[in-house]
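Remember, predicted model here, so these are calculated numbers, not experimental data. Quick note: numbers below take in every heavy atom, side chains included, and nothing from hydrogens, waters or symmetry partners. Reminder, nothing fancy here: chain letters follow the sequence lines and each chain counts from 1.
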Protein chains: 2
Amino acid sequence: MLTIGKLSVSTGVKVPTIRYYEQIGLLPEAERSAGNQRLYDRKALERLAFIRHARELGFSLEAIRDLLSLSDNPDQPCSAADAIARAQLIEVESRLARLAALKAELERMVVQCDGNRIADCRVIEVLGDHSLCITDHVTEDAIH
Amino acid sequence: MLTIGKLSVSTGVKVPTIRYYEQIGLLPEAERSAGNQRLYDRKALERLAFIRHARELGFSLEAIRDLLSLSDNPDQPCSAADAIARAQLIEVESRLARLAALKAELERMVVQCDGNRIADCRVIEVLGDHSLCITDHVTEDAIH
DNA sequence: TCTTGAAGCTATAGCAGCTAGAGACATTAA
DNA sequence: TTAATGTCTCTAGCTGCTATAGCTTCAAGA
């Protein structure tokens with residue numbers, strides 16, 4: 001049995017975050033020791049690893065909740081899990097494209113700014129003038 | 001003079017967000033009409049466009065606050081603005097790398113899942129088992 | 001065995017960056 | 001003139017944590 005601290009170390013999820021996941025029902029309520037401290041078994045560790053990994057891959061806690069409920073009853077077609085993964089993939093591809101444009105823009109900004117006064121510096125200008133933008137159609141989602 | 005609605009349309013920043021920016025001091029308090037409605041001039045529009053664009057490029061509101069204060073007194077060397085842009089560039093490059101790894105992983109997941117039962121489906125498995133991961137060192141920051 | 005320091009507990013509040021709702025007043029087009 | 005739309009303030013909510021305070025429990029060394 002693991003204490004919350006050991007679980008934290010072995011999954012890379014911070015202690016308050018583990019308690020938070022329990023609080024919002026993503027992890028079941030942990031067993032307690034005589035002194036009221038949480039105790040975790042291997043199953044809990046695996047579930048948390050699952051959550052951690054899914055978070056790293058960009059899944060929202062809600063999507064993870066869905067995936068977990070799928071994996072809790074594994075005798076169905078996996079099309080639902082697949083759909084979630086596909087949706088994530090589309091989202092990720094879009095983020096990638098926007099970030100690539102963003103990178104080009106920032107590189108241009110940095111190159112053009114080499115020690116002049118701000119009045120001559122295009123960092124500010126580029127940020128103020130949308131028409132100078134390399135990417136024509138950055139949408140609102142680009143904000144994330 | 002523009003109403004808040006027109007300003008919203010012409011910048012692509014939502015009305016409540018504009019009010020929020022005023023509230024946190026990113027935009028100065030707007031003039032008011034006789035009927036107490038906010039009115040904006042060209043300068044306000046430009047400032048908001050600046051903010052919008054910077055947000056799209058991934059700058060935090062704090063970084064934007066700094067940039068704005070720089071652009072408000074333009075008679076200094078622009079090294080500070082440059083430093084902010086450079087820091088953003090590094091951050092963006094790191095995000096790009098992580099997203100690329102993530103994309104590969106999701107593609108693998110989607111390919112392997114073609115209508116089987118969940119018990120045979122690797123979407124869940126891949127998410128649970130870190131050792132199956134293509135990226136060996138996804139850090140905690142990958143969560144964003 | 002005692003002690004001390006780390007680790008755990010609960011509860012509450014805070015963070016960024018918005019977004020949504022309620023209920024009242026202002027403006028505009030037909 | 002009337003109806004629809006826009007705007008106002010205020011408050012509360014959202015996601016996904018993170019931090020603080022003040023307490024208890026545990027483990028290891030002297």
Open item on the list: I need the CG-P distance between L26(B) and dA16(C), as an integer number of Å.
Closed with: 12 Å
Open item on the list: Checking contacts here: which listed nucleotide (dT10(C), dC17(D), dG17(C)) is nearest the side-chain heavy atoms of L61(A)?
Closed with: dC17(D)
Task: Integer-rounded Å distance: dC17(D) C1' and L27(A) CG - done: 14 Å
Open item on the list: Rounded to whole Å, how long is the line connecting atom CD1 of I64(A) with atom P of dT15(D)?
Closed with: 13 Å
TODO: Have a look at R19(B) and say if it touches a base, only the backbone sugar-phosphate, or nothing, with a 4.0 Å heavy-atom cut-off.
DONE: base
Task: Nearest-angstrom distance from the residue atom OH of Y20(B) to C1' of dA12(D) - done: 15 Å
- [ ] Could you say whether K6(A) or S33(B) is positioned toward the 5' end of DNA chain C, judged by the nucleotide with the nearest heavy atom to each?
- [x] K6(A)
- [ ] May I ask you to say whether E62(B) pairs ionically with R65(B), meaning some side-chain N is under 4.0 Å from a carboxylate O?
- [x] yes
Task: side-chain contact (heavy atoms from CB on, under 4.5 Å) assessment of R42(B) paired with E46(B) - done: CA-CA 6 Å; R42(B) 184 131 270 281; E46(B) 278 163 15; 3.7 Å; yes
TODO: Calculate the interatomic distance between Q37(B) atom CD and dC25(C) atom C1'; express it in whole Å.
DONE: 8 Å
- [ ] Would you kindly compare T3(A) and A34(B) by the position of their nearest DNA chain C nucleotide and give the one closer to the 5′ end?
- [x] T3(A)
Open item on the list: Please determine whether a side-chain nitrogen or oxygen atom of Y21(A) lies at a distance below 4.0 Å from atom OP1 or OP2 of dC17(D).
Closed with: yes
- [ ] State whether R38(A) places a side-chain N or O below 4.0 Å from either non-bridging phosphate oxygen (OP1 or OP2) of dT10(C).
- [x] yes
- [ ] Please determine, for the side chain of I4(B), which listed nucleotide (dG17(C), dC8(D), dC9(C)) has the closest atom?
- [x] dC8(D)
TODO: State whether T17(B) places a side-chain N or O below 4.0 Å from either non-bridging phosphate oxygen (OP1 or OP2) of dT19(C).
DONE: yes
TODO: Please lay out, stage by stage, how Y21(A) and L61(A) fare under the test side-chain contact (heavy atoms from CB on, under 4.5 Å).
DONE: CA-CA 9 Å; Y21(A) 287 165; L61(A) 292 184; 3.9 Å; yes
Task: From CA spacing to verdict: side-chain contact (heavy atoms from CB on, under 4.5 Å), T11(A), I51(A) - done: CA-CA 10 Å; T11(A) 58; I51(A) 296 170; over 6 Å; no
TODO: On DNA chain D, check which nucleotide each of P16(A) and R32(B) is closest to and give me the residue with the more 5' one.
DONE: R32(B)
- [ ] Let me know the distance between CG of L7(A) and P of dA7(C), rounded to the nearest Å.
- [x] 15 Å
Open item on the list: In this structure, how many angstroms lie between the P atom of dA7(C) and the CE atom of M1(A), rounded?
Closed with: 21 Å
Task: R38(B) CZ to I18(B) CD1 distance, which is reported to the nearest 0.5 Å - done: 9.5 Å
TODO: Could you state the atom-to-atom distance from CD of E62(A) to P of dC17(D) in whole Å?
DONE: 13 Å
